[in-house]
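I have placed the structure first, in the form of structure tokens, so that the comments after it can refer back to it.
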Amino acid sequence: MAITRPRGTNDFLPEDTKSWQAVEAMLRQICREFAFEEIRTPIFEDTDLFIRGVGNTTDIVQKEMYTFTDRGERSLTLRPENTASVCRAYLEDKLYGRIQPVKLYYMGPMFRYERPQAGRFRQFHQFGVEVIGTISPYADAEIISLAWEFYNRLGIRNLRLYLNSVGCPNCRPRYREVLQDYFRPHLDQLCPSCQERFERNPLRILDCKSEICQNIGKEAPQIFDNLCDSCADHFEQVKRILATAGVEYMLNPRMVRGLDYYTKTAFEIVVENIGAQSAVCGGGRYDGLIEELGGEPTPSVGFALGMERIFSALKAQGDDIEVEDDCSVFVISTPDNEETRKAAFALCYDLRRLDIKTELDYDGKSIKAQLKAANRINAEYTVIIGSEELADGQAIVKCMKDGEQIKLPIADVKQYLLER
RNA sequence: GUGGAUGUGGCGAAGCGGUCAACGCACCGGAUUGUGGCUCCGGCACUCGAGGGUUCGAUACCCUUCAUCCACCCCA
């Protein structure tokens, strides 16, 4: 085989796309219930959008972007996520002039240049929602409950919802310093990657897998104790609203969102047993993003969830999305008779227009082989139009389950099958 | 970017220096000429991811490369 698909990409075959369509339908349904509307933005954007929107210091921008120059010397990038694009559209298409907040959802492919592994691909698919234009903690709770409801409705077990607040430009820098002061004396004992993290992202040290780092971090100051009044109050409200609605969350002060734009609420939904990449959904508040992109200060919340990870989770718990085979008819004709073949084709067309899933043979196979083919695709009925039958305008309808067959006028076949 | 594992027909899978590269599933054809599912018979890899090397001889040993899987980093 000469040409293969690019590394980290997937072909989704019919047996896969059936499940995808089912999940997508469920997502659209939930969005309808929660009163979100779909937005579709370009798959590539001006590179600067992501540098400014996602953050220059993030891994995404530093090493994961698919960036190219087009024929007009513009630097473009395949979207690594969709929040920046949605915010860009909010400004460019003047959605701030509409009723606020604007509640949008999207789904589609995203691209990140990473080494593939379980649950991680270079082209992957996300569904996400954004509520743009309100600081209300009810908005945070709304999207969290939307995600929570989705996974529960899908029947995914062993879910955990982690909740945290990462503060805001008022309190996070301060907490960051407090944390650095705490770790500084132990700097040389930390694992190599945490020594890197010390400057870049000290909050991550708290979440290190190394036991040594874990132990050193045990007595570290907590983010909860270092939030400003506004953030602390917001966080309290989100927790209360979720508790009242019956959404079971776990506080996780060690959970840090990687993207620069997050403020206040951060949350993540994880499911065990799907490998190292256990996060199926992540999101939070990004009150500074729209302003960063040149708009008025516009508080917003959103999340993104990974489509591929949904299927990993379902597979890990031994579930498959049931996709039923609907009733189908196979129209058989005598192979060496063009008249019967044409009659079969015409009947086939008629049946299809009646919403009956219908197949026929293309190759002029023997009757026997056609029946075999019909059997293989689980046809419920076959209609046999042979030379003898056609001579007096008749056809045989055979029920494949019990082998019963009756002869009737071709004109009556449609009605007969419709009544089954 | 780093590390580990793997790479034999459509799929699963033997062989691990020397007969025609097992076998199972799937697929195609046939078993008195127009009737399927069971059974039986037959067919289906000039080739063992690719390139190079060692050897009288390599699918098997060595090197390179590519791909896949898994893990790290990070994230959906």
Side-chain angles (χ1 to χ4, degrees), chain A residues 1-10 13 54 57-64 79-83 107-128 147 191-194 196-197 200-201 204 207-210 255-259 262 268-271 274-283 302-313 330 332-337 340 361 363 365-390 395-405:
Chain A
M1 202 192 314
I3 299 175
T4 56
R5 75 183 99 90
R7 169 162 237 201
T9 63
N10 286 111
L13 304 178
V54 177
T57 65
T58 59
D59 273 22
I60 289 180
V61 168
Q62 294 216 323
K63 54 181 198 189
E64 294 173 3
R79 62 184 188 193
E81 55 100 52
N82 208 24
T83 298
M107 47 179 139
M110 308 294 160
F111 305 84
R112 293 183 199 173
Y113 190 92
E114 297 185 272
R115 286 285 287 269
Q117 73 183 73
R120 162 176 301 161
F121 308 97
R122 289 186 172 181
Q123 175 176 333
F124 59 103
H125 298 77
Q126 287 188 331
F127 161 89
C191 76
S193 59
C194 279
E196 297 274 323
R197 287 165 173 148
R200 270 268 301 281
N201 194 351
R204 272 261 167 242
D207 204 22
C208 183
K209 282 161 189 147
S210 150
M255 186 193 65
V256 181
R257 303 267 79 226
L259 284 59
Y262 282 110
E268 192 166 288
I269 297 174
V270 300
V271 47
I274 61 169
Q277 311 309 320
S278 58
V280 293
C281 176
F303 72 74
L305 63 82
M307 297 292 290
E308 284 83 353
R309 290 183 187 179
I310 291 170
F311 297 103
S312 300
F330 198 110
I332 293 171
S333 54
T334 18
D336 51 0
N337 184 334
T340 61
D361 169 63
D363 307 319
K365 282 209 262 280
S366 67
I367 301 263
K368 180 197 198 69
Q370 290 184 62
L371 267 156
K372 215 168 181 176
N375 187 59
R376 202 166 36 223
I377 64 167
N378 280 318
E380 250 182 277
Y381 290 92
T382 49
V383 178
I384 302 170
I385 302 181
S387 306
E388 293 167 22
E389 290 78 17
L390 188 63
I396 296 168
V397 176
K398 173 167 184 163
C399 172
M400 295 300 277
K401 194 182 273 176
D402 55 23
E404 296 283 310
Q405 57 184 53

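A note on names: the letters A, B, ... follow the listed sequences, proteins ahead of strands, and every chain is numbered from 1.
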Who passes side chain to side chain contact (heavy atoms under 4.5 Å, CB included) against A:Glu114, sequence neighbours left out?
A:Glu64, A:Arg112, A:Arg120

A:Gln117 side chain N/O closer than 4.0 Å to the phosphate oxygens (OP1, OP2) of B:C70?
no

Return yes if the base of B:U2 and the side-chain atoms of A:Arg115 contain a donor-acceptor N/O pair under 3.5 Å, otherwise no.
yes

In chain order, what residues pass the side chain to side chain contact (heavy atoms under 4.5 Å, CB included) check against A:Arg7, with sequence neighbours excluded?
A:Arg115, A:Pro116, A:Arg122

More 5' along RNA chain B: A:Ala118 or A:Arg197, using each one's nearest nucleotide?
A:Ala118

Base-paired stems in RNA chain B, each at least three Watson-Crick or G-U pairs under 3.5 Å:
B:1-7 with B:66-72, B:10-12 with B:23-25, B:27-31 with B:39-43, B:49-53 with B:61-65

Protein-nucleotide distance (A:Leu13, atom CG; B:C11, atom C1'), rounded to Å:
13 Å

Output all residues satisfying side chain to side chain contact (heavy atoms under 4.5 Å, CB included) with A:Thr334, sequence neighbours left out; order by chain, then residue number.
A:Asp336, A:Asn337, A:Thr340, A:Ile367, A:Ser387

Who pairs with A:Glu388 by side chain to side chain contact (heavy atoms under 4.5 Å, CB included), at least two apart in sequence or on another chain?
none

Whole-Å distance, A:Ile377 CD1 to B:A26 C1', equals 17 Å

Would you say A:Arg112 reaches B:C74's phosphate, i.e. side-chain N/O to OP1/OP2 under 4.0 Å?
no

Sugar-phosphate atoms are those with a prime plus P, OP1 and OP2; base atoms are the rest. Using that split, label each nucleotide of nucleotides 28-38 of chain B B, S or - for protein heavy atoms under 4.0 Å, 5' to 3'.
SS----BBBB-

Within the modelled atom types, does a donor on one side and an acceptor on the other bring the side chain of A:Glu114 and the base of B:A76 under 3.5 Å apart?
yes

